[in-house]
Amino acid sequence: MKPLIAGNWKMYKTPSEAEIFASELKKISKFEDRDVLVCPPFTAIGCVSRILAGTGIYVGAQNVYPAKEGAFTGEVSPSMLREAGAQFVICGHSERRHIFKESDDFISEKVKIVLEYKMSPILCIGETLDQNEKGETFSVVEKQLVTGLKNISVDDMKSVVIAYEPVWAIGTGKNATPQQAQAVHAFVREVLRKTYGDVASSVRILYGGSVKPENIDELMAEKDINGVLVGGASLKFESFSRIVGFNKK
Ligand code: PGA
């Protein structure tokens, strides 16, 4: 399966800064054997999509509100995102779960509506440091996965991307070792196999949490790591282009 290298810009870059950066990204070397995605803030999705049109680099959103339209002040709908150029939507990022108290059920509504609007959800899962130390990683990840994918059909599952991001590794500089990540990714695939059968083998499972040029090659060498979701290191051309150009073993 084709790996996916995704950049999550979080709340960085104004539209004009995003335009400059997107123009730089056009210089990224093209690889036939991997997909590249950037997820700017809402206000920059339109301009980044226009600049990157025809480059093969996908554009996505970092969040969505799970309704067609309505009186939801401050929220953004799936059709707004799609029309602006988004083809992927990050759902349930740990910052949404922890800062904005999003529940697994609410996140599952997002996953569902993103699929209805023919975009690909990137469902983020991952345990906190406390849960990790208590040995709860697998049970936490399984619950987030099963609830987040509630009512998703086998056919829809083909468009879903999973991102395993241990909360203790996000923005901290501490990444999971490739072996730790591989163990969780293999578990995630097993959980998916129980419900979705063979489709599980083709679901892309990304790793996220302090991915940088120094650790990308060893992470991507693991069998069940099918790409990465990159925060901090996706904001600069040099580091992001190096990550996109990871060495395939
Ligand atoms: P980081 O963020 O790469 O800065 O750790 C990853 C993420 O939050 O998706």
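For this chain, numbers begin at 1 and follow the sequence in order. When a ligand or atom number is given, it counts from 1 through the structure's own listing order.
For Ser234, the closest heavy-atom approach to ligand 1 does not fall below 4.0 Å. Using a 4.0 Å cutoff on heavy atoms, Ala233 does not count as a contact of ligand 1.
Atom 4 (O) of ligand 1 has Gly232 N, 2.9 Å as its closest protein atom, hydrogens excluded (heavy atom only). The closest protein non-hydrogen atom to atom 9 (O) of ligand 1 is Glu165 OE2, 2.6 Å. Ranking protein heavy atoms by distance to atom 2 (O) of ligand 1, first place goes to Lys10 NZ, 3.3 Å. Taking atom 3 (O) of ligand 1 as the reference point, the nearest protein heavy-atom neighbour is Gly231 N, 2.8 Å.
Salt bridge Glu190/Arg193: present, at least one basic N to carboxylate O contact under 4.0 Å. Using a cut-off of 4.0 Å between Lys/Arg side-chain N and Asp/Glu carboxylate O, Lys150 and Asp104 are scored as not salt-bridged.
Checked by atom type, the side-chain pair Gln131/Thr128 shows a donor-acceptor distance below 3.5 Å.
Ring geometry for His185 against Tyr164 counts as perpendicular: the plane angle is over 60°, on a 0 to 90° scale with 30° as the lower cut.
Close approach of ligand 1 to Asn8 is summarised as follows: ligand atoms under 4.0 Å from at least one heavy atom of the residue are 9 (O). Heavy-atom contacts of Ala169 reach the following atoms of ligand 1: 5 (O) (cutoff under 4.0 Å). Taking every heavy atom of His93 and a limit of under 4.0 angstrom, the matching atoms of ligand 1 come to 7 (C), 8 (O), 9 (O).
Remark: of the listed residues Lys110, Glu75, His93, Lys110 is the sole one forming a side-chain hydrogen bond (donor to acceptor under 3.5 Å, both in side chains) with Asn63.
For the pair Gly209 and ligand 1, the shortest N or O to N or O distance does not fall below 3.5 Å. Considering backbone and side-chain N/O of Gly208, none are found under 3.5 Å from N/O of ligand 1.
At a heavy-atom distance under 4.0 Å, atoms from both the backbone and the side chain of Ile170 approach ligand 1. Residue contacts with ligand 1, taken as heavy atom pairs separated by less than 4.0 Å, do not involve Cys124 at all.
The closest side-chain heavy-atom distance from Phe21 to Lys236 is not below 4.5 Å. Taking 4.5 Å as the limit, every side-chain heavy atom of Tyr207 sits out of range of all side-chain heavy atoms of Glu222.
Considering only residues two or more places apart in sequence or on other chains, Lys10 meets the salt bridge (charged side-chain N to carboxylate O under 4.0 Å, His left out) condition with Glu95.
The heavy atom nearest to atom 5 (O) of ligand 1, out of those in Gly7, Gly171, Gly173, is found in Gly171.
Between the side chain of Arg97 and the backbone N or O of Cys124, at least one donor-acceptor pair lies under 3.5 Å.
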